[in-house]
Amino acid sequence: MSTTQLLQNYLGGQWHTGTGQGTVLFDPVLGTELVRVDATGLDLKKGFAFARETGGNALRAMTYAQRAAMLAQVVKVLQANRDRYYEIATANSGTVKNDSAVDIDGGIFTLSTYAKLGESLGERKFLIDGEAARLGKDPLFQSQHILVPNRGLALFINAFNFPSWGLWEKAAPALLSGVPVVIKPGTPTAWLTQHMVADVVNAGVLPVGALSVVCGSSAGLLDALTPFDVLSFTGSADTAGVIRSHPLVAQRSVRVNIEADSVNSALLLPGQAAGSESFDLLAKEVAREMTVKSGQKCTAIRRIFVPEALFDDCAQAISARLAKTTVGNPRNESVRMGALVSRSQLHAVQQGLAQLKAHAQVLHDGASHALIDADAAISCCVGPTLLGSRDANQQVFHDTEVFGPVATLLPYKDLNQAYELVRRGEGSLVASIYGNEPAALGAAAVELADSHGRVHVISPDVAALHTGHGNVMPQSLHGGPGRAGGGEELGGLRALGFYHRRSAIQAATTILSGL
Ligand code: NAP
């Protein structure tokens with residue numbers, strides 16, 4: 001039996017130790033045991049009721065501006081403890097410093113953005129939605145829509161790849177809306193989430209019951225939900241299906257947001273020569289997207305579409321960049337790409353790669369990368385692999401998300417075929433488009449908007465300014481239709497919609513103007 005530290009859960013305003021053996025969390029580079037998580041024996045229904053009543057009442061008693069100030073306090077607590085978060089990320093996620101920053105600083109930045117946005121909502125306790133509308137000839141009786149904070153809790157079931165950002169990008173709009181949060185992190189990397197929650201709870205900057213954490217098994221979580229709760233899930237399409245069809249979620253009309261997997265695209269528009277600025281920008285972005293966080297980003301580029309005449313040049317340009325990626329132990333300063341998160345993820349990546357390889361040629365082989373300070377028999381490190389096929393019609397390329405440093409280069413004959421191939425992904429989080437003619441780029445962006453939550457347009461004039469294909473900015477929508485889950489997160493104050501109820505108040509104009 002493992003004797004590593006058992007992390008505590010925080011629920012019902014108290015710390016609880018699970019009564020089971022727990023699940024061990026590992027260092028994915030060294031293979032050593034780190035900590036354990038366990039939620040056995042927690043009274044979830046009682047804890048959820050406490051969050052709704054004690055946490056929810058306290059949050060709803062505050063104005064938006066007060067809650068925005070509260071988020072700013074959370075930012076200060078997290079900033080004061082940043083070094084420790086980086087240590088945990090290195091040990092438990094196996095990420096190099098830049099990749100840990102995407103998660104840790106990305107989460108803190110998102111929180112501070114919502115703290116600023118919240119200030120603009122002022123000393124109000126509910127929001128006015130649009131103009132009042134007359135209900136008849138007489139203007140005396142009208143309808144005014146308002147948005148009031150949900151009277152339930154927000155349960156977040158998160159994926160393993162963003163233990164920090166995944167928590168705060170959801171918690172920021174929820175807490176700003178006045179809705180208490182219960183977070184259930186992805187088990188393999190739950191340590192960072194648990195540690196951040198512990199720091200914030202112990203600092204006393206949130207009302208008791210506003211933020212709770214349950215680590216370990218998800219058993220019983222959905223059964224503890226009631227009709228006014230909301231559930232936000234991030235993870236695989238398979239688990240999303242289980243959650244959507246859970247009987248209580250369906251019977252109680254629990255509002256659900258799903259962020260699932262997605263086979264995102266990069267598209268080089270016609271008319272770009274090999275070695276042109278747009279061509280180079282595509283090669284650079286693809287190599288970056290494949291290697292940041294070892295490709296474990298839901299937004300990472302998985303399919304690259306280029307005019308067929310540029311297939312070979314593109315294969316060479318991307319491969320040349322990938323060849324420079326040093327892979328291994330993130331503690332070694334020379335390493336640029338760390339590990340996958342666990343042995344089971346390593347096996348999943350190997351399986352997905354084998355599946356794609358059966359239909360594609362290997363343009364750059366991840367196996368050609370010698371691991372630095374890491375033992376291939378123990379660590380979860382893997383080099384980046386670029387695949388390619390001249391037959392872009394094979395559905396396997398459009399269906400298969402390998403959650404690692406793997407992407408496939410595919411040629412197209414004309415733009416209509418390119419759009420058709422991109423849409424074979426059946427809905428994605430993001431597509432990026434590369435070219436140098438504003439009208440053509442604008443038209444392509446509108447064309448792909450129906451099947452993507454975000455379209456990232458990279459032209460030479462924004463080469464040094466753009467925020468990156470895969471970087472999710474709090475100002476922009478995150479989520480995509482179809483396979484991507486159909487959810488919507490962030491997008492500035494739009495995110496607050498999920499945590500509010502809209503109601504139409506039909507009343508005399510004097511009453512409405514008093515609102
Ligand atoms: P996962 O296996 O679906 O797990 C996601 C979460 O669901 C974890 O917290 C997991 O808990 C929990 N879970 C598992 N079975 C459950 C059940 N029956 N009921 C309730 N909860 C359950 O996904 P993952 O492997 O952690 O994450 C990788 C996937 O997430 C990738 O496919 C990636 O594309 C996707 N992702 C999407 C986004 C996005 O924003 N669209 C962001 C990041 C990742 P345990 O960990 O304890 O099993």
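FYI, the numbering just counts along the sequence from 1. Every number for a ligand or one of its atoms is a count from 1 in the order of the listing.
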Notebook entry, point to check: Which one of Phe160, Phe156, Phe162, Trp165 has a non-hydrogen atom at the shortest distance from atom 28 (C) of ligand 1?
Noted result: Phe160
Check: Which heavy atom of the protein is the closest neighbour of atom 27 (O) of ligand 1, given with residue, atom name and distance?
Finding: Ala159 CB, 3.4 Å
Notebook entry, point to check: What about Glu401: any of its N or O atoms under 3.5 Å from an N or O on ligand 1?
Noted result: yes
Next item on the list: Decide whether an N or O pair under 3.5 Å exists between Thr234 and ligand 1.
Entry: no
Item checked: Atom indices of ligand 1 within 4.0 angstrom of Val242 heavy atoms, with elements -> 18 (N)
Checklist line | Close approach, Gly166 and ligand 1, non-hydrogen under 4.0 angstrom | finding: no
Notebook entry, point to check: To the nearest 0.1 Å, how far is atom 41 (N) of ligand 1 from its closest protein heavy atom, and which atom is that?
Noted result: Ala260 O, 2.9 Å
Check: Looking at ligand 1, does any of its N/O atoms fall within less than 3.5 Å of an N/O of Lys184?
Finding: yes
Item checked: Protein heavy-atom partner closest to atom 33 (C) of ligand 1 - residue, atom, separation in Å -> Phe403 CE1, 3.3 Å
Checklist line | Interatomic distance, Leu6 atom CG to Arg36 atom CZ [nearest 0.5 angstrom] | finding: 5.0 Å
Check: Taking only heavy atoms of Pro185, which atoms of ligand 1 are found under 4.0 Å from at least one of them?
Finding: 9 (O)
Next item on the list: Could you tell me whether Arg255 and Asp229 make a salt bridge, using a distance below 4.0 angstrom between a side-chain N and a carboxylate O?
Entry: no
Next item on the list: Flag the pair Arg82 and Asp105 as a salt bridge only when some basic side-chain nitrogen lies within less than 4.0 angstrom of an acidic carboxylate oxygen.
Entry: yes
Notebook entry, point to check: Non-hydrogen atoms of Gln296 versus ligand 1: any pair closer than 4.0 Å?
Noted result: no
Notebook entry, point to check: Are Asp223 and Lys45 close enough for a salt bridge, meaning some N to O gap below 4.0 Å?
Noted result: no
Next item on the list: Find all atoms of ligand 1 within a distance of less than 4.0 Å from any non-hydrogen atom belonging to Ser218, and give their numbers and elements.
Entry: 16 (C), 17 (C), 19 (N), 20 (C), 21 (N), 22 (C)
Notebook entry, point to check: Who pairs with Glu285 by salt bridge (Lys or Arg N to Asp or Glu O under 4.0 Å), at least two apart in sequence or on another chain?
Noted result: Arg288
Note to self: Show me which atoms of ligand 1 lie under 4.0 Å from any heavy atom of Asn161.
What the structure shows: 43 (C), 44 (C)
Note to self: Would you compute the distance between atom OG of Ser177 and atom CG of Leu147 and round it to the nearest 0.5 angstrom?
What the structure shows: 9.5 Å
Item checked: Shortest protein contact, atom 16 (C) of ligand 1 (heavy atom only) -> Thr239 CG2, 3.4 Å
Check: Do any pairs count as a ring pair (Phe, Tyr, Trp, His ring centres under 6.0 Å) and have a residue in residues 159-188, sequence neighbours left out, and if so which ones?
Finding: Phe160-Phe403, Phe162-Trp165, Trp165-His478
Checklist line | Closest to atom 46 (O) of ligand 1 (judged by heavy-atom distance), picking from Thr187, Leu221, Val402 | finding: Thr187
Note to self: Between Val35 and Asn92, is there a side-chain heavy-atom distance shorter than 4.5 Å?
What the structure shows: no
Margin query: Tell me whether Gly485 reaches ligand 1 (any heavy atom closer than 4.0 angstrom to a ligand atom).
Written below: no
Next item on the list: Could you pull out, from Cys298, Ala484, Gly479, Ser428, the option with a heavy atom nearest to atom 37 (C) of ligand 1?
Entry: Cys298
Notebook entry, point to check: Thinking salt bridges, do Arg151 and Glu53 make one under a 4.0 Å N-O criterion?
Noted result: no
Item checked: For atom 35 (C) of ligand 1, closest protein heavy-atom neighbour -> Gly235 O, 3.3 Å
Checklist line | Heavy atoms of other groups near Arg84 CZ, more than 12 under 6.0 Å | finding: yes
Notebook entry, point to check: Should you measure from each heavy atom of Leu429, which atoms of ligand 1 turn up under 4.0 Å away?
Noted result: 41 (N)
Checklist line | Protein heavy-atom partner closest to atom 9 (O) of ligand 1 - residue, atom, separation in Å | finding: Asn158 O, 2.7 Å
Next item on the list: Just need the protein heavy atom nearest to atom 23 (O) of ligand 1, so name the residue and atom and give the distance.
Entry: Ser236 N, 3.4 Å
Note to self: Quick check: His478 and ligand 1, any N/O pair under 3.5 Å apart?
What the structure shows: yes
Notebook entry, point to check: Is the number of heavy atoms from other residues, nucleotides or ligands within 6.0 Å of CZ (Phe228) greater than 12?
Noted result: no
Note to self: Give me the residue, atom name and distance of the protein heavy atom closest to atom 12 (C) of ligand 1.
What the structure shows: Ile157 CG2, 3.6 Å
Item checked: Heavy atoms of other groups near Glu488 CD, more than 12 under 6.0 Å -> no
